[in-house]
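FYI, the numbering just counts along the sequence from 1.
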Amino acid sequence: MPIPSAYNDLGDDSLRDHVGWVWYQKKETISSRHNDQRIFLRIDSANYYSIVYVNSIEVGRHVGGHIPFELEVTKQIQFGTENRFTVALNNTISWQTVPNADFNYMVDRYPPGFFNMKGNFDFFHYAGILRPVRLLFRPNLYIEDFLINAQANGSLSYSFGLMGNSGYESIHVDVSDENGDSIYSNDKLTGTGKIEDAKLWWPRGLGDPNLYTFTARVYGNGGSIIDEFRTTFGFRSVTCDEEKIYWNGKPFYCQGFGMHEEADIRGRAFDPVLMTKDLNLLEWTNANCYRTSHYPYAEERIYEGDRRGIAVIIETPAVGLKSFSDANAQVHAKMAEEMILRDRNHPSIFMWSMTNEPQTYRPETRKYFEQVVERARSLNVQGIPVTAVYGPSQSYNDYTADLFDVICVNRYYGWYIDIGRLEQIEHSLYNDFITWKQRFGKAMLITEYGAESIPGLHKDPSFVFTEEYQTDLYHRTWAALDRLREEKVITGEMVWVFADFMTAMDQTRVVGNHKGIFTRQRDPKKAAFEIRDRYAKSFQQ
């Protein structure tokens, strides 16, 4: 089985629909020249529950499918000979996991042991080791837990830790600009400073995505380098008030997409070719942002957003929640923690999304999300807005929206609501958002709207599933969005969805979800050109 890949589309239906344990195993010879180093196994994504063994000895476990985890394996390694690495991986989800699923053993006409698992989300539950696996060789003393806080006023603070028992002679920290010239230095594990005339990081349409390089070195006796850590970062501040999001003090109107990190055959596996194609197409549409719906995407993609100036709302895997136990709250909070710790140094991140479409009309969600938000805010030292994306809840029955800095709402007028009644969209959508604004007084985005279209299917007058209906729905929706933007109710819009994607089999889904403006093969539909024209009108760069 190749890594990275989802295994579902690489065999017959028994593999595609498999639920339960699978086992990955690889043998690797580790040279004896590494016997004075510490060795870690890093798995960037394994969906959903992992147990890891080295030479038949369990070395650790991990819950959650979309964030890297590392396990030290130094003691289990046999140098100069072959070592066996094994990952037992289980993709079962239920009401006791995040995300949730209905998992039921069936009776009556079903054979013994027959069960059904249906995720409370509308995308295929791809499984396997979805991103790269690496062996990391580190010195006995190494750098970890790196944090950079660089604000638009030029203020800079940093901190990192040293892991290990070995001694060291000195530390050197250096910040260099795009030309490699040093603009700041220090000799401590923590430090602060002020960079005069710092070139700020801006999203597309507002300016250039200026990046700096941060380098930390630990030196031993005689000036030898024990360990070195290097990363890019940017100076930027993201704030919000009751009306707008501000990037470095300037109003920022987000125009972009919800997406999925998936494609034919490979499923949800990381693919740099697909990533590049998607981001090239995103730039072609004149978009400036996207949301990592509905899970954190590969870190390589976030780095590429840093480089290109593409703003990102990054989201936990907590999609479609309907189970709000204390145990689930702790799992959810841990996933939010792992996400923020991985991505907090990226200047392209402008919001942390804690969830998508939870059932927050239920009273118990208040306590649940208080725990999750508290954990997120405790780690959010850069002050990035924290949000939630609402779907089934209404403004009048939600128990949680006041906990967040920005309110995001998904609405499908003309599709799931009043399908075929295009003339109702403007009135319904406008008044829906006004009620949220009146109750909570927060900055708002519409993070999903749209309709399915089958490429090549046409009808005049427009009819559901035709390319004409999709674009007609867009124009009716835009009439409401333009009013809401003018009245300072919304500060961004994201169409659902960037490209068609696979779903579980269902009588409402014809080989996947077809709300994309691109096909699953990334060919444009009529809607792609309409979106491109709309976004071009407000694109300023």
| said: Quick check: closest heavy atoms across A269 and S5, and the distance to 0.1 Å? | reply: CB-CA, 3.2 Å

| message | Tell me whether R291 is salt-bridged to E448, with the criterion being a basic N under 4.0 Å from an acidic carboxylate O. | response | yes

| message | With rounding to the nearest 0.5 angstrom, report the CH2 to CG distance, W21 to N91. | response | 10.0 Å

| Does a side-chain N-to-carboxylate-O contact under 4.0 Å join K322 and D102? | yes

| note | Sorted by chain and number, sequence neighbours left out, side chain to side chain donor-acceptor pair (under 3.5 Å) with N280 holds for R308

| field | Distance, nearest 0.5 Å, that separates CZ of F146 from CZ of F229 | value | 5.5 Å

| Roughly how far, to the nearest 0.5 Å, is the CG atom of D343 from the OG atom of S348? | 8.0 Å

| Test log, rule ring pair (Phe, Tyr, Trp, His ring centres under 6.0 Å), inputs F40 and Y142 | CA-CA 12 Å; F40 295 79; Y142 63 90; 5.5 Å; yes

| CD-CZ distance between E300 and R131, expressed to the nearest 0.5 angstrom | 8.0 Å

| message | Would you say that more than 12 heavy atoms from the other residues, nucleotides or ligands in this model lie under 6.0 Å from the CD1 of I265, or not? | response | no

| Can a salt bridge be assigned to the pair R522 and D278 using a cut-off of 4.0 Å between side-chain N and carboxylate O? | yes

| Could you go step by step and tell me if R520 and D264 meet the salt bridge (Lys or Arg N to Asp or Glu O under 4.0 Å) rule? | CA-CA 7 Å; R520 201 176 186 216; D264 287 331; 2.8 Å; yes

| query | What are the two closest non-hydrogen atoms of M354 and A376, and how far apart are they? | reply | SD-CB, 3.8 Å

| field | Result of checking Y126, F498, Y295 against H260 for ring pair (Phe, Tyr, Trp, His ring centres under 6.0 Å) | value | Y295

| request: Go through Y53 and F85 one step at a time and tell me if the ring pair (Phe, Tyr, Trp, His ring centres under 6.0 Å) criterion holds. | output: CA-CA 6 Å; Y53 305 83; F85 298 87; over 10 Å; no

| field | Criterion salt bridge (Lys or Arg N to Asp or Glu O under 4.0 Å) against R138, the qualifying member of E228, E70, E144 | value | E70

| query | So, T400 and Y390: side-chain donor and acceptor under 3.5 Å apart, yes or no? | reply | yes

| query | Is E58 salt-bridged to R61, cutoff N-O under 4.0 Å? | reply | yes

| request: Decide yes or no on salt bridge (Lys or Arg N to Asp or Glu O under 4.0 Å) for E304 and R307, but give the supporting numbers first. | output: CA-CA 5 Å; E304 191 67 2; R307 188 182 71 84; 2.6 Å; yes

| Euclidean distance, I384 CD1 relative to H346 NE2, rounded to 0.5 Å | 12.5 Å

| message | Can you list everything that forms a side chain to side chain donor-acceptor pair (under 3.5 Å) with W352? Sequence neighbours excluded, please. | response | N380

Could you pull out all donor-acceptor pairs under 3.5 Å where a side-chain atom in residues 159-171 meets a protein atom, sequence neighbours excluded?
none

| field | Salt bridge present between R42 and D44 (N-O < 4.0 angstrom) | value | yes

| field | Set of side chain to side chain donor-acceptor pair (under 3.5 Å) partners for H34, sequence neighbours left out | value | Q37

| query | Which pair of non-hydrogen atoms, one from S323 and one from N100, has the smallest distance, and what is that distance? | reply | N-OD1, 2.9 Å

| request: Could you please spell out the steps behind the side-chain contact (heavy atoms from CB on, under 4.5 Å) verdict for L41 and R134? | output: CA-CA 6 Å; L41 182 68; R134 302 175 178 92; over 6 Å; no

Report all side-chain donor-acceptor pairs from residues 22-30 shorter than 3.5 Å, counting only partners two or more places apart or in another chain.
| unit_1 | atom_1 | unit_2 | atom_2 | d |
| --- | --- | --- | --- | --- |
| Y24 | OH | I129 | N | 3.3 |
| Q25 | NE2 | T86 | OG1 | 2.8 |

| message | Over 60° means perpendicular and under 30° means parallel, so tell me whether F350 and F252 are parallel, tilted or perpendicular. | response | perpendicular

| request: Show your working on side-chain contact (heavy atoms from CB on, under 4.5 Å) between D326 and Q371 and close with a plain yes or no. | output: CA-CA 9 Å; D326 286 340; Q371 298 176 67; 3.5 Å; yes

| note | dist E337:CD -> I67:CD1 (nearest 0.5 Å) comes out at 11.0 Å

| Does Q96 have any side chain to side chain donor-acceptor pair (under 3.5 Å) partners at least two apart in sequence or in another chain, and if so, which? | S94

